[in-house]
Each structure stands twice: as structure tokens, then as C-alpha cells.
A.B. asks: 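Quick one: the structure is below, questions incoming.
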Number of protein chains: 2
Amino acid sequence: MEAMTTASVDAVADQDRKGPGRPRSARADEAIIEAVLELLSAGQSADALSIEAVAATAGVGKATIYRRWPNKEALLIDAVTTMKGPIPEPAGVSVRDDLVTLLAGMRTKRMHRYGKVTACLLPELVKSEEMHKVYQAGVVEPRRDVMRGVLRRGVESGELRADLDVELTLLMLSGPAIVQNMLRWNPAVPDEGFAEHLVDAVLRGARA
Amino acid sequence: MEAMTTASVDAVADQDRKGPGRPRSARADEAIIEAVLELLSAGQSADALSIEAVAATAGVGKATIYRRWPNKEALLIDAVTTMKGPIPEPAGVSVRDDLVTLLAGMRTKRMHRYGKVTACLLPELVKSEEMHKVYQAGVVEPRRDVMRGVLRRGVESGELRADLDVELTLLMLSGPAIVQNMLRWNPAVPDEGFAEHLVDAVLRGARA
DNA sequence: AGGATACGGAACTGTTCCGTATCGTAAGGC
DNA sequence: GCCTTACGATACGGAACAGTTCCGTATCCT
């Protein structure tokens, strides 16, 4: 994908423009967002992230960035909401397998970078209530919704206890996965089979 | 404690100096560390934290800081290791009560600030392997040791399953508490009674 | 072909911060 | 009482960066 040299990749970048002139490069959009995520995952905190560094990493002029986003905050919001990627949809075989699939999906290489980006985003979330809301609504809540659906179906099907505290259980599944993925919190817990072990441990107290 | 105006508070600040001249002010040490924690908990990321801001917040000249620490990193390490405070010691009544006590201790007002400071420290931990080790060894591991002791005693006493995965259980207890305290991850989970509910849910699958 | 717009790159200005130096003053040891 | 050191404050040169403007070139539409 990187080696493409044909020009036709660059095309209608933003909204379908109709005016004359050279259209914006979709490649530039991509490179800029990619550069932001790259710098964040390397440990650059959000407020220490400089537009100059983004431009240099993306191989792009600063003007090209400012032509698209009015300021750093807008760029950050775009980058973050882009990062989330597609929302996974579990197969619906069994509660156990669905949860394992969802949790294992949090530990891919791509999600490991996602975790580091999130870690470097936290100061911004602490500082700005607006960013916190954007992040919750745009990234966290949609994914939590999927897992919540799995648990709800488990309760209805009788696979899980009827009086299960669904919200707390969500936290018990995602909390350990997050701190382990993001902060390498407990080095004594191996990555191998982590999702299975965690799900089985949680379900041991959640089954009907 | 703040209202003290007597001069005798200033005293042997650092190691017992013997040379002549004015001794260093212990008050200044305290104010500087306090200022660092204050700025971090306000959402200043570690690398965006400026010595000038620390000096201004502490009401101290920059030179007074540079006289004590050679650079920002050393100051940060001192501030972080100071922040941890005393290590709690559970009463040893029952596993359940001990765990509730430990987890509830993670949700005091003081620990809430601690959580915000930690969040703003994360980019630094991602960037610097050394800082990560210092933080793990100086802050996380001692506290995890306490909780590990509680679980181990529970296994020995037969209160918990003999084949319990202690390390994973530690993660299941601290993970949810951390993300909730630090990131307000799931607003649908109430703070009230959080520790009790979490411990009971985990123990449901951990009891013998 | 011609006009319009985007491109990467470079220059420029004003701001912030670092780390050091230097004030006049304060506080303790000899 | 003198010497030494720390104090808060301020100033400094240098570096990094934000945000803007211009250049010459590239690319697409009509």
C-alpha cells in the first residue's frame, strides 16, 4: 500500500468538492493522522505534541495541516475518533466465547498501540472535560455497548445469574484488560491466554 | 499546619549538613514537591511541566529548585516516590474485610488526586523504561505485596480455593479500581459501596 | 490551454521555557 | 561580628515551537 506510485490514489479527500483546482490529497490526510498516532504512541503527551513534529513525521508542510484543521485540539479529536476503528461484532455462540473474542481483540498489536496512545491522551482527558466526553462517547461507550449486549443476552438465556450486576461485571472484564494492556501493571501475569483466564475467572462468579 | 509562622520550622532540610551558612529550608522542599503534585493533578503532563511553573506555584525561586535537583526528571522521581505515602496494613480479620479496606483506601480524596497524578504521569512511563521501573518498584509493587499477602493467607486458611490464580485475582481487584478511580471509566457504576461490591463479586468465584 | 487550488518547503515573528548568573537580604556557625 | 550559605527575585542568551505567509511546483476541472 505504501509503494503505490500512481497518482490516482490522491482523490476527493474531504467532502466532495466541486470547485476547480487541485483536490486535497487523501494520502496527506492519512499521513497526518498516522503521524499523530505514531507520536502519541511513542510517549509524546497530547499537549507536548507539536504541529511541527507532526508535519515532519508525516512528511508534510505545516500549511497542509492548518489547511485542514484550525488548531491542535481539532486535529487531536479527529485522530482519536479515527483510531477506534471498526466496532467488533461477536459471533453469538456462547457468552464465554464472545467475551474471550472481545477481550482478545483488545490485546492485538494494533490495540497495544491504541493502549499507548490512550495512556498519552489521559492528561488531556483529566484537563478537559470536553475531551473526556468526546472520548467516552466516541470510543469507549460503543465498545462497552457490545460487551454489555453479550452479558444481557447471557442473563436472558439463563447462562448468567439473573441478578448479575452487569455494569460492575463490565468493569471487571475491561478494567484488568486495560491496565494490563496499557500500563503493563502486573508483569507476573502472562499475556498468553490472558483473555481466556480472565473470562473464566469472572464467569466463575457470574454463571447461573 | 499551614498557619505556622515560627521560623524554627526551617531546619536541617536535607542530609545533616555541618558547614557554616544558612541551612536549607525544609519548607521550600515541601512546597516544591507539593507544587509538582498540584500541577500534575491539574492535568499538566510530566513533560509539559515547567520548572518555572513549579517555582511560581511553590512561591520559590528557580535557583532554589536547581540547588536541590539537577533536572526535571530527578525532581519528578522524588515527587512520585514521595506521593505514595504510608503502606496500609490490613487488620487480618477476614479476607473479605481486608480486601474491602484496601480497595476503599484507594478511593479516598487523597487517592483521587493520586490517581490524577498517575494519569498525567503515564506518558512518561510509556516513554521511559526507567521511570516505569521506578514507579513499579517504588509505588505499585509494595502495595500489591500487601494485597498478595491477604490472598495468600486466604488460600492457606482455606477461605479461598487452593488452586486460585493469585496474580490474576490481584489484577481483577486492582484493575477495575484503577480505571474507575483514575479514568472514571464507567460512569454507570456508582462510587458508593464500590469496594464492597467489587470484592464480593470477585470472591464469589474465588471462595473455596 | 488556462485558471484555480493544493502541495512541500522555507522564512519570519512572538512566546515560552531552560539553565545560569547576579542582585540584595536572611539566617546560622565560628 | 564576620563569614558562609540559602533565600526570593529578576535578567539573560539560547533553543524550541506556534502560527502565518510566501515561493515555486504539481494536479485537477472546464
Side-chain angles (χ1 to χ4, degrees), chain A residues 4-36 39-40 43-76 124, chain B residues 4-36 39-40 44-76 124 127:
Chain A
M4 267 192 171
T5 43
T6 64
S8 59
V9 172
D10 293 7
V12 282
D14 226 350
Q15 66 279 25
D16 42 327
R17 292 180 54 262
K18 28 196 56 190
R22 177 177 177 176
R24 288 190 181 168
S25 161
R27 207 198 297 278
D29 278 81
E30 217 175 288
I32 292 167
I33 295 286
E34 182 61 23
V36 171
L39 289 173
L40 283 182
Q44 283 288 322
S45 76
D47 46 19
L49 189 141
S50 72
I51 298 287
E52 298 214 341
V54 173
T57 305
V60 150
K62 282 201 290 178
T64 302
I65 299 180
Y66 283 110
R67 206 171 283 123
R68 290 164 161 74
W69 292 275
N71 50 52
K72 188 161 60 177
E73 193 182 55
L75 171 57
L76 262 182
E124 208 60 26
Chain B
M4 265 191 170
T5 44
T6 64
S8 58
V9 172
D10 294 8
V12 282
D14 226 352
Q15 67 281 22
D16 41 329
R17 292 179 55 263
K18 28 195 54 187
R22 177 176 175 175
R24 289 191 181 167
S25 161
R27 205 196 298 274
D29 278 81
E30 218 174 289
I32 291 167
I33 295 285
E34 180 61 25
V36 171
L39 288 173
L40 283 182
Q44 283 288 321
S45 77
D47 45 20
L49 189 143
S50 70
I51 298 285
E52 299 212 343
V54 173
T57 303
V60 151
K62 282 202 290 176
T64 303
I65 299 180
Y66 281 109
R67 205 172 283 125
R68 292 164 161 75
W69 292 277
N71 50 51
K72 189 162 60 179
E73 193 182 56
L75 171 57
L76 263 181
E124 208 59 26
K127 197 184 325 182

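Chain A is the first sequence line, chain B the second, and so forth, proteins listed ahead of strands; every chain is numbered from 1.
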A.B. asks: Taking atom C1' of C/dG19 as reference, at what distance in whole Å does atom CG of B/L49 sit?
C.D. replies: 16 Å

A.B. asks: With a 4.0 Å cut-off on N to O distance, would you call A/R68 and A/D29 a salt bridge?
C.D. replies: yes

A.B. asks: Rounded to the nearest angstrom, tell me the gap between atom CG in A/D47 and atom C1' in C/dT16.
C.D. replies: 14 Å

A.B. asks: Would you name the heavy atoms of A/L75 and A/I33 that are closest together and state the gap between them?
C.D. replies: CD1-CD1, 4.4 Å

A.B. asks: Can you sort out which residues in residues 50-67 of chain B have a heavy atom within less than 4.0 Å of DNA chain C? Ascending by number, please.
C.D. replies: B/S50, B/I51, B/E52, B/K62, B/Y66

A.B. asks: Give the minimum heavy-atom separation between B/A46 and B/E124, together with the two atoms involved.
C.D. replies: CB-OE1, 3.7 Å

A.B. asks: D/dC17 C1' sits how many Å from A/L39 CG, rounded?
C.D. replies: 14 Å

A.B. asks: Rounded to the nearest Å, what distance is computed from the CG atom of residue A/N71 to the P atom of nucleotide D/dT20?
C.D. replies: 10 Å

A.B. asks: Rounding to a whole Å, what distance do you find between A/R68:CZ and D/dT20:C1'?
C.D. replies: 18 Å

A.B. asks: Where is the tightest heavy-atom contact between A/S25 and A/A28, given as atom of each residue plus distance?
C.D. replies: OG-N, 2.9 Å

A.B. asks: B/R22 side chain N/O closer than 4.0 Å to the phosphate oxygens (OP1, OP2) of D/dG8?
C.D. replies: no

A.B. asks: Quickly work out the A/K72 NZ to C/dT15 C1' distance and round it to whole Å.
C.D. replies: 13 Å

A.B. asks: Give DNA chain D the dot-bracket treatment, 5' to 3': Watson-Crick (N1-N3 with N6-O4 or O6-N4) or G-U (N1-O2, O6-N3) under 3.5 Å, [ ] crossing, | other strand.
C.D. replies: ||||||||||||||||||||||||||||||

A.B. asks: Indicate the atoms forming the closest heavy-atom contact of A/S45 with A/L40, along with that distance.
C.D. replies: C-CD2, 4.2 Å

A.B. asks: Does B/R24 place a side-chain N or O at less than 4.0 Å from the phosphate oxygens OP1/OP2 of D/dA6?
C.D. replies: yes

A.B. asks: If you take all heavy atoms of B/K127 and B/D47, which pair is closest and at what distance?
C.D. replies: NZ-OD2, 3.0 Å

A.B. asks: Looking at every heavy atom in both A/L49 and A/L39, which two are closest together, and how far apart are they?
C.D. replies: CD1-CB, 4.2 Å

A.B. asks: Please give, in whole Å, the distance from C/dG8 P to A/I32 CD1?
C.D. replies: 7 Å

A.B. asks: Keeping the roles fixed (side chain from B/K62, backbone from B/A55), state whether a donor-acceptor pair exists under 3.5 Å.
C.D. replies: no

A.B. asks: Roughly, in whole Å, what's the span from CG in A/L75 to C1' in D/dA18?
C.D. replies: 14 Å

